[in-house]
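Read through the structure below, which is laid out as structure tokens, and then see the notes.
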Amino acid sequence: MSKLRFDAIEAAFKKRAAEYPIPEGRPSEYFGELVFNREKMQKYLDAKTLHSLLDCIDNGKPLDLEVADGVAAGMKQWAMEHGVTHCSHWFQPLTESTAEKHDSFMEYDGKGGMIETFEGKNLVQQEPDASSFPSGGIRATFEARGYTAWDPTSPVFILDDCLCIPTVFISYTGEALDYKAPLKKALKAVNKAAVSVCQLFDPEVNRVQVNLGWEQEYFLVDDNLYSARPDLITTGRTLMGHGSSKNQQMDDHYFGQIPSRVQAFMKDLEIMGLRLGIPMKTRHNEVAPNQFEFAPIYGECNLAVDQNMLIMGVMKRVARRHGFRVLLHEKPFEGINGSGKHNNWSLQTNTGVMLFAPGKDPMSNLQFVTFFVNALEALRRHGSLLKASIASATNAHRLGGNEAPPAIISAFLGRTMTEVLRKLLTVPDDTDIVIAGKHKYDLGLVEIPQIFIDNTDRNRTSPFAFTGNRFEFRAVGSKANCASAMIALNSIVAEQLNDFKAEVDQELAKGTDVKIAVMRTLKPIIARIIDTVCFDGNGYSEEWQKEAQRRGLDVERCVPKMILEYVKPDSVEMFSKLGVFSLQELQARNEVKFETYAKLIQIEARVLGDLAINHIIPAAMSYQSQLLKNVAMMKSLFPSTWESLSAPEIAIIKKIAAYNSDIKVKVDAMVDKRKVANKIDDAYQKALAYYEIAESFHAIRRPIDKLEEICDDNIWPMPKYRELLWIR
Ligand code: ADP
Ligand code: MG
């Protein structure tokens, strides 16, 4: 990379940055500026409309069309004051990104002119011609069209000139075609189940909110370099590339000084996020070079999911203004860390109690232990399903790669909570659980230390870690829609809480005291989880693989096989009992997942084959020709000594020949396998065939990376890792 090129990039970046000045005022002043939030509702809606809308948002009351007309009028006025000309339903089809179709406000006014209109019916429902979205055959079998319906619990926002309305996307027969509809059902199920358990302890509780705090990891690469890598452009990751001599081994990138160009990007992104009502809080360098992270303050799960989907889109746009491309792929570069999206998950009551945190008195501590233990039991029962919820072709590269949790679902408790649980197994059922330090040391009590020293313990090797007042689900991929993990997690916990409550009720029916009934029900559960799903050791170790197998945990690594878990009887029963998914929806969605998996690997296989054959082999051959010419000239000039003089070149020539032929043979074999796979009709079998094909990529890549090492730098056809990975 010449300095000139860098300078040109930097100049362009400065120009772009100047075009997007920092807004006036403090961040707290422009926070939510582009969102139709409660403050805007107060300002733009009349009292009656406002009241009905809030009743709909807060209490799930239906909204009639007249009220919707009033809301739409207020929104239109607000939007037009911001120069908005279009509106769109904004939804999350099963594609891992969001979808929008813009319609302008323009209509004929009937007097020969035009007028801007936006009515309740435009707000509430739309029928996008959605026949090209993946549906797993649901729409083909039933109704050709799907429709989108407004989700009033997630506020409307402005992006550029468009008023975006968060919606669910469903078929006419009611099946979900998106992530939001089932997420809302799962959140409703866990709310209901958790409220019912809470009422054992506090009758005041009538709502339990799920909180989600995501931490988004990503890479940045220079836009120009990105454009010269067909693999990055088409697959989001590098399919080849020799490791940079310096990458993350010095640990100097993690929390290091943020490069100024990146800082400018982050600033711009934060401003956009804040204006869109996303409470951007933390930013830092991550472990790998060019890898970064940001996280907002956690919030209500459905909204937090929308905000994550929104900001992933915004990131891509803001990055380009700064001469970058953002890579959300879980594993853009081999040999260095990939990216994840930790999902910090907690439950909170309307009375302000965090259900995964110890309380003030023995009863609230028992409530905490109840939720804690039931969450872990849900994990024990449905760990494989939780794994399926984060399984994808792209995330597969990251799991188990000694940088991210292994493909085994277990929970890290920390020493404190492990001891609390073990102690609970040994004490009488009426024992108090107290906060240590407030009482005299008493052997008879179960004590929770006031400060959770162990829970700040950073066991990064666990996929599901308790961190003091929440669980951190770390296996979620950086590119994923968090809804997938949140649907599974909240559903399995809802089911377990329901089952737990039913058992406690049986005890209560016998006239048992609440506290004793809860303890009695908890103890066998604790005994079941403590030596199965709970594991505080090193999740990256080989021993854990063996130990997990011995414990009967699922160690499957093949993505299509993982996904099958959704249609196993336990999962189907759980989802249908809760009303989250029907069997038919589960089958249809799996079909989509298998197809997506196969297509993605197919694209990668094609790109890898093309690059190998028409970029790499020709480049290596042209260098080989140069060497051959050199040897031939040596021979004519130095007839007696040429052989020893040319020995190094000859060695390279032979190596190139060997690598080239190795590449050709392996690419041909891969193409043959693809032909076979493409003829398979069954989506699952096809995905399995493509799984095998993906497994062969590495063998093709290896000789390519070797060639990169020995060929002349000038002829190498693509930017190398050492260029891609360091932002000046
Ligand atoms: P880490 O050290 O794990 O990187 P951070 O503090 O950077 O942690 O991020 C933690 C994330 O967890 C933030 O998004 C934060 O808002 C979120 N979080 C904190 N408390 C809770 C909670 N009770 N429930 C859900 N999320 C939470
Ligand atoms: Mg974290």
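Indexing begins at 1, ligand by ligand and atom by atom, following the structure's order. Note: hydrogens, waters and symmetry copies are ignored here, and every other heavy atom, side chains too, is used. Here the structure is a predicted model, which is why all the values come from computation and not from measurement.
Looking at Ser346 next to ligand 1, an N or O pair under 3.5 Å apart turns up. Looking at Trp345 next to ligand 1, no N or O pair under 3.5 Å apart turns up.
Here atom 17 (C) of ligand 1 lies nearest to Asn344 when heavy atoms of Asn344, Leu212, Leu347 are compared.
For Glu472, the closest heavy-atom approach to ligand 1 falls below 4.0 Å. The shortest separation from a heavy atom of Ala357 to ligand 1 is not under 4.0 Å, leaving the residue out of contact.
Under 4.0 Å from ligand 1, the heavy atoms of Glu215 that appear belong solely to its side chain.
Here the straight-line distance linking atom OH of Tyr179 with atom CG of Asn481 works out to 6.0 Å at 0.5 Å rounding. Between Glu495 atom CD and Ser571 atom OG the span is 9.0 Å, to the nearest 0.5 Å.
Close approach to Pro296 involves these atoms of ligand 1, each under 4.0 Å from a residue heavy atom: 13 (C), 14 (O), 16 (O). Atoms of ligand 1 lying under 4.0 Å from at least one heavy atom of Ile297, given by number and element, are 16 (O). Close approach of ligand 1 to Asn469 (heavy-atom distance below 4.0 Å) involves ligand atoms 23 (N). Numbered from 1 in the order shown, with element, the atoms of ligand 1 that lie under 4.0 Å from a heavy atom of Met354 read 23 (N).
The number of heavy atoms from other shown groups lying within 6.0 Å of NZ (Lys515) is above 12.
A salt bridge does not link Lys387 with Glu565: every distance from a Lys NZ or Arg NE/NH1/NH2 to an Asp or Glu carboxylate oxygen is 4.0 Å or more. Under a 4.0 Å N-O distance rule, the pair Arg551/Glu547 qualifies as a salt bridge. Between Glu377 and Arg528 a salt bridge is recorded (basic side-chain N to carboxylate O distance below 4.0 Å). A salt bridge does not link Asp536 with Arg415: every distance from a Lys NZ or Arg NE/NH1/NH2 to an Asp or Glu carboxylate oxygen is 4.0 Å or more.
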